[in-house]
Undergrad: 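Have a look at this one.
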Amino acid sequence: MPEIKVENVSKLIEGKPIVNNVSMEIPDKSFFCILGPPRSGKTMLMRLIAGLEMPDKGRILFDGEDVTALGPVERRVAIAFQDFALYPHLTAFDNIASPLKAMKLPKDEIRRKVLEVARYLKIEHRLTHYPSELSGGEKQRVAIARALVKDAEVILLDEPLVRLDYKIREDMRAELYKIQKEIGKNVILITGDPFEAMSLGERIAVMNEGRIVQLGTMEDIYERPVNVFVGRYFGVVEMNIFDGEIVKMNDVASLRTKIFEIPLKNARNLPEGSVKIGLRPEHMSVLELAGKREVNFRGKIVLTEVVGSDTIVHIDAGLGELLRVSVPAIYRRQIGEEIDVGFDIENLYIFSSKDEKLLARGGDLIG
Amino acid sequence: MVRIFLDHVTKIFGDKKKRVVAVDDVTLDIPDGAFVGLLGPSGCGKTTTLRIIAGLETPTKGRVYFNEEDVTDWEPRKRNVAMVFQFPVLYPTITVYENIALPLKAAKEPEAEVRKKVKEIAELVGITEFLGEKPVRLDVNVRQKVALAKALIRDPSVFILDEPLTVLDPKARIELRTKLKEIQLGLKKTMIYVTHDQTEALTLAEKIAVMNAGKILQYDTPEALYNNPANTFVGWFIGNPGMNLIECNVVEENDKLYLSTEGGFRYDISFIADELKKLGLPKNVVLGIRPEFVEIGSGPLEAKCVHVEYAGNRIILHLESYDRTLKAKTPITVKAKPGDTLRIDFVKEKIKLFDPKTGNAIL
Amino acid sequence: MPSGSKSSRLPIFLQLPATVVIWSLVGYVLLWLIFTLFHRYPPGKPPEFVGLGNIVAMLQDMRLYGAVLRTVYYAGLGTLIEVLLGMAVALALVNLIKNEKIRFAVLILFLLPMCLAEAVASVIWLMLATPEGYLNCFLRALGMKAFPWLSARWALTTLMIADIWQWTPLPLLLIYAARSSIPVEAYEVAELDRLSPWTTFRVVTWPYIKYAVVVAALLRLIFMYITIDKFILITYGGPGFASEIIGFYVFVQSFGYRNIGYAATLSFATLIVAAIITYFFWNAFKRRE
Amino acid sequence: MSWKKILGFIGLAIYGVWTLGPYYLTVITSFKKLTDVFSIPPKIIPYADFVPTLEAYQRIFSTRAAWTFVTSLIVATIATIIAIIVGLLAAYGFSRFSNAPMNDERSFFILLTLRMLPPFAVVLPIVTYWVFMGLIDTYFALIWTYTIFSIPLAVWLIKGFIDEIPRSVEDAAVADGYGFGARFRKIIIPLLGAGLAATVALVWLFLWNEFLFALKVAGGKVITYTAYLPQLRLGQRTLWNVYAAMGTLGSIPPLIILAAFRRYIIRLYLGGR
């Protein structure tokens, strides 16, 4: 079960760096996640780790051994592709057995292994069917079975759930987690859905424009996003970002915005002048349901978006950008209605307006 | 405006060998000016139902009425219906202005009138600066807005949308949802919105018909679908994550009533014993409870935590209780790690019971 | 594919067999043509260097200009008719015959002529157009006078008609395929917008089939220019020079008069023209996505 | 039905007669006695207008004319096999390594121009080449020439079909441990399947129908049915029924291929797209 090390790896396509000088370590036997928006280079990074592509610069080490020039088989890596990549002319059984046939294993051993993994993924009743006859969920299970059957050291899942119907994705997420725990192999998940990364990845690498912007556990990235991009991108509902200002008058500092002002205790190392304030919708609440908070203000409803059991209320509170407030219930109101919302100061994020780096959390300023 | 009534509509595709019942005896009453959602997984017949209303498909059985007039055999052009497809369908080689104006020109409206209306609609949908462009060079978000404007300009009596937002990126999706809501409220149009994503249906529609395998399972307001689903499918499909469904036997012991399973799962439901007796005390039943109404900390049941999912201000606990699995959705204040053993209980008034064979709600 | 890996020589190995086979002969052909361009081959004597003599002779050769004009008439008008007729039949097929199975069967029947050899088409049209042939039999049966199909005045036109008979199915096929690839939603929207048939054609059908029409036209233009089978089998360029197009003139110079040097010059010139038309075809074909 | 529809159907019917009529006349002529061929009014319905006879066919099968069909078969088949094998490899290169040397778009365009090369412009140098090699009018010369001129068509069609195989399926095969050879045999060829068969048929048909090279590169000892046709008109009286019979026999393979690969005809002529 290799500990994977990526050292200054770069890959250029027609001169443009798709993966730009990436270095990271993926611990052994973990559920590692590479998260990034479309065209952030995450799929290419996966292909480099898998050995489907060779880097133009840098090295890749499995347990300290340089595998940069080796292909997927020598690296004992298995891949489940985003579009399933099943062989259309082979039955589900032959698709799963394909890696074992390539290894020229005896027929009965192949049959035993395929049946075992098919039962495990609950598709043993569909083995004689061709991919065109399978549902999305079933095709995904066959793709994962094909990756698991040859007990490779590393299993790479390239956006495995993106093609699935919304509801099936919910169940598959829990199952992927269960699978990783039971097979104890190194699983690397590539995804564009932050919610998927949050619920599955023990360690997450957030990528943007070919670089690793932040790497850490779910809590690290959620609590201490390195900049506005990670703050906005890494969350169930996109973080609210609006302009504010640090004002320092005769050694009394305060954080001022268009509609509220907060006195700050230790703001010594904060630069004066404009800053970007971040506030997660789930850290805000509607007074009518959750009572008063440390800071409260009024906003006009633009849209109430019911997301299954919760609701995201979009309000215009005069801060320029619309604010999103997360309400843990079905909460439908007319457009234009006024509601009071609030938040606690400790949940604030302060970013520099120059390079958008995280300067401090609300808790650091009033502690 | 138009009230649409589908009377036992059925649509069967394919020849004798391979018959597919896409729409199975659907009766649906869409009041005038209402915004109705058709919600269901892919392949449940919702798009076919839509196409029957638009006249693009003719039903195998059953009739379609617009305001008491039988339009079943009417051509689409006679029904004054406008439709926005999942992928923006525009005329590729003429400008956005001409794309929007064409339906009016086809109806021989005076030039000045056409120009005024196009300006107005372009303003409403927010594509004024693209009027001179050719669609082929615009990104999919703008193209879908143009398709929306094209559908609106004709002032149709029925406005049909077939999963119009799926191709858009998240930002454009929020923007267009807001616009659709404004348009619907402003123009008081009868609107039918097909989607497989519950968020869009619950957000936009006043009433939603949940469909599966060609049948309408429930036709009600979002709150009703959420609080008392008519059957197990609706319970599972609405809400994220969906309702927990636990099959168990009904056991009567020294005048107390329990739900129990072979693996030791036992829950006292004496508080609804008399209603159940009135229904003839079924031997086994499906217990339905939404993850949000599973209480962690104290309670008669024991459950092992298998996996924890963070969902912003709430966490989803995947639990194994005796021989059954269920999920709980609790505030992040509840500290639980995989492997912990917890005591759980259910919010009594939120418990639902379903018939295991038909899946329909009993209580 | 693991590009950049040790198997980076694989792409070249893939191309080697085809390249070796092709250039073993085509290489000689091009070299020979270029060499002969500047030489004359008097019978029985080694080739003499004549510098630009052949090229000058070509530019002054009135018979060549006659052939060029006839080729422009034959290939130009022929292609135009084939594409227009092909489009008309393709659109008629799609609009009139709604049942997919029957429509496809009729299409396949219509494609028959283009599958036949040019030589077999020549057999067919010789028997039709020869003075005592079927066409004149039908005319006389109707009490009309026999028509001089293969006379000096009409031979080239008759050959064009024969080519139209055999090759209209190609534009028909390409335009039919393009028309069938149009998503049905495009016509549903046009129906909902209550567009007139002509407007529907202008904004829905035409944008999709435009490329197929261009590609079909270029394809036919190239192949009418480079194919001379019918000319050898039916009229052999006659009567006189009446049906002598460029290709046939090169053929006659090469094998009739055995005027090697001059024949090579003509061949070289016609190669260049073919490459140019192919270049336009290649761009049109690429842009059709 | 509107009158426009009726007019449309009449037009289609006329086009049908225009397309199939001449071929029908040729086929029935091949079953006529010489005297019945051209008559006023023309005899067009067998048994009603004339008594069909196999006279023409007996004459063909009693002379070397029959052997010309065998020659065509041999030459077309061998050349097709070589062209397909060589073309398959090249097409795979053009499809998967479109930025590698010799596989880029420019070399693909060069190959395309070979397909559009005017035969009349290259037949003289080719004849000179085979005379120089002492192989003129031999099976080898004709087969080798035919192979060269069918490779571009084969590559052009097969590349289209390979483009349709998703790259991720091949990546999966790489990940499963298949080397290039195994990937080609186990994944590419089976997935090409009927498309490849249709390409083989079309390339073969292209050679079965060829005339100019058959006439000049060979045409003496080694002569195909197309090259033999001119010889039927040398005498003062053309035996029209024999001439028609040769044409009819020559038209049989195209009919079979058209019927067998009708599903693929559309995709073939679009260059496999």
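Naming: A, B, ... by sequence-line order, numbering from 1 per chain.
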Undergrad: Anything in residues 223-230 of chain C with a heavy-atom distance to chain D below 4.5 Å? Please list those residues in order.
TA: C:F223, C:Y225, C:I226, C:I228, C:D229
Undergrad: How would you list, in number order, the residues of residues 119-127 of chain D that have a heavy atom less than 4.5 Å from chain C?
TA: D:P119, D:F120, D:A121, D:V122, D:V123, D:L124, D:P125, D:I126, D:V127
Undergrad: Heavy-atom distance under 4.5 Å to chain C: side chain of D:A244, backbone, both or neither?
TA: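 For D:A244, heavy atoms of backbone and side chain both lie under 4.5 Å from chain C.
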Undergrad: Let me have the donor-acceptor pairs involving side chains of residues 102-112 of chain C, under 3.5 Å, with sequence neighbours excluded, atom names and distances please.
TA:
unit_1: C:R103; atom_1: NE; unit_2: C:Y176; atom_2: OH; d: 3.1
unit_1: C:R103; atom_1: NH1; unit_2: C:I97; atom_2: O; d: 2.9
unit_1: C:R103; atom_1: NH2; unit_2: C:E100; atom_2: OE2; d: 3.3

Undergrad: Spell out the residues in residues 19-28 of chain D that have some non-hydrogen atom less than 4.5 Å away from a non-hydrogen atom of chain C, in order of number; otherwise answer 'none'.
TA: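 Heavy-atom contacts from residues 19-28 of chain D to chain C are D:T19, D:L20, D:P22, D:Y23, D:L25, D:T26.
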Undergrad: Tell me, for C:L128 versus chain D, whether the close heavy atoms (under 4.5 Å) come from the side chain, the backbone, both or neither.
TA: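 Interface part for C:L128: side chain.
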Undergrad: Can you say whether the rings of C:Y279 and D:F109 are parallel (under 30°), tilted (30 to 60°) or perpendicular (over 60°)?
TA: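 Rings of C:Y279 and D:F109: perpendicular, over 60°.
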Undergrad: Please state whether the side chain, the backbone, both or neither of C:S180 comes within less than 4.5 Å of a heavy atom of chain D.
TA: neither
Undergrad: What's the shortest heavy-atom distance between D:L12 and C:A92, and which atoms?
TA: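 Shortest heavy-atom contact: CD2-CB, 4.1 Å.
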Undergrad: Look at D:P42, D:G8, D:P41, D:S107 and state which one has the largest set of heavy-atom pairs under 4.5 Å with chain C.
TA: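 Option with the greatest count: D:P42.
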Undergrad: Contact part of C:L266 toward chain D, heavy-atom cut-off under 4.5 Å: side chain, backbone, both or neither?
TA: neither
Undergrad: Could you tell me whether the side chains of D:T29 and C:Y134 share a donor-acceptor contact shorter than 3.5 Å?
TA: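 Side-chain D/A pair, D:T29 to C:Y134: present.
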